[in-house]
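I have placed the structure first, in the form of structure tokens, so that the comments after it can refer back to it.
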Amino acid sequence: MTADYQRILVAIDWDSASERALKACASYAREHNLQLDILHVIDSSLLSFGNIDFSPSSQKIYELEQKNMYKLEQILSNALKNGSSEYQTHIHLRFGDPRTVISSDFPSEYRNDLIVLGTTQKNRVQRTFVGSVSSHVVKTAKCDVLIVR
């Protein structure tokens, strides 16, 4: 990474590839005194199917949000233990389509100049129906994108 980045967005989805991406970015941000935004997007399209709404109750949505925030807070705690600054490392949770939230909505709001993602863990059939988040982000993001294998 040779560009003059100021604010890095790492999108995580709780798999090993995103964990590797987070680890690499956390140390890079720490060494270069950069802002690090750690984002998890809960895919709201998974809460319904076609014209049939399987929306969970507000209690279930709250529990889902709390569970994911707990995981994000654990990640933040680990980053702080490893020397990251609480003023430089931020956690975020959003609901929506991960492709648009990661590629445009979040970076425009927080002025991220680099997006880092792990490689897709979906098989060919899943990518056909849902699409690959990483391929969409690479095609549509207005800032640099780094895919970590």
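If you read the sequence from its start, that first residue is 1, and numbering goes on from there.
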Quiz prompt | Flag side-chain contact, heavy atom, 4.5 Å: Asp97 against Thr100 | solution = yes
Self-check item: Lys67 side chain near Met69 side chain, heavy-atom distance below 4.5 Å
Solution: no
Self-check item: The single option from Leu93, Ile12, Leu76, Leu9 passing side-chain contact (heavy atoms from CB on, under 4.5 Å) against Ile38
Solution: Ile12
Self-check item: Nearest-0.5 Å distance that lies between atom CG in Asn112 and atom CD1 in Ile102
Solution: 11.0 Å
Practice problem: With the side chain counted from C-beta on, respond yes when His40 and Ile42 share a heavy-atom pair under 4.5 Å apart, and no when they do not. | Solution: yes
Quiz prompt | Identified side-chain hydrogen bond (donor to acceptor under 3.5 Å, both in side chains) partner of Gln35 from the options Gln88, Arg111, His90 | solution = His90
Exercise. Considering non-hydrogen atoms only, spot the tightest contact between Ser18 and Ala11 and give its length.
Key: CB-O, 4.1 Å
Self-check item: Same cluster (ILVMFWY, side-chain, under 4.5 Å), Tyr62 and Phe95
Solution: no
Exercise. Answer whether the closest heavy-atom distance between the side chains of Asp144 and Asp113 falls below 4.5 Å.
Key: no
Quiz item: What is the ring orientation for Phe106 with Tyr110, classed by angle as parallel under 30°, tilted 30 to 60°, or perpendicular over 60°?
Solution: parallel
Quiz prompt | OG on Ser134 to NZ on Lys139, rounded to 0.5 Å | solution = 10.0 Å
Quiz item: Quick check: are there more than 12 heavy atoms from other residues, nucleotides or ligands sitting under 6.0 Å from NZ of Lys71?
Solution: yes
Quiz item: Is the His32-Tyr5 ring centre distance short of 6.0 angstrom?
Solution: no
Practice problem: Calculate, to the nearest 0.5 Å, the distance between atoms SG and CG belonging to Cys25 and Leu146 respectively. | Solution: 6.5 Å
Self-check item: Donor-acceptor contact below 3.5 Å, side chain Thr89 vs main chain Glu86
Solution: no
Quiz item: Do Tyr70 and Ile75 come close enough that some side-chain heavy atom pair is under 4.5 Å?
Solution: no
Practice problem: First locate atom OG of Ser135, then atom CZ of Arg99, and finally report the distance between them rounded to the nearest 0.5 Å. | Solution: 8.5 Å
Self-check item: Nearest-0.5 Å distance that lies between atom CG in Leu117 and atom OG in Ser103
Solution: 9.5 Å
Quiz item: Does Ser84 reach the side chain of Leu36, with side-chain heavy atoms less than 4.5 Å apart?
Solution: no
Self-check item: Side chains of Ile115 and Cys143 in contact at under 4.5 Å (non-hydrogen atoms)
Solution: yes
Quiz prompt | Distance in Å, Gln66 CD paired with Glu73 CD, rounded so as to fall on 0.5 Å steps | solution = 8.0 Å
Exercise. Would you name the heavy atoms of Arg94 and Leu39 that are closest together and state the gap between them?
Key: CG-CD1, 3.7 Å
Quiz item: Is there a side-chain contact between Val116 and Leu114, using heavy atoms and a 4.5 Å cut-off?
Solution: yes
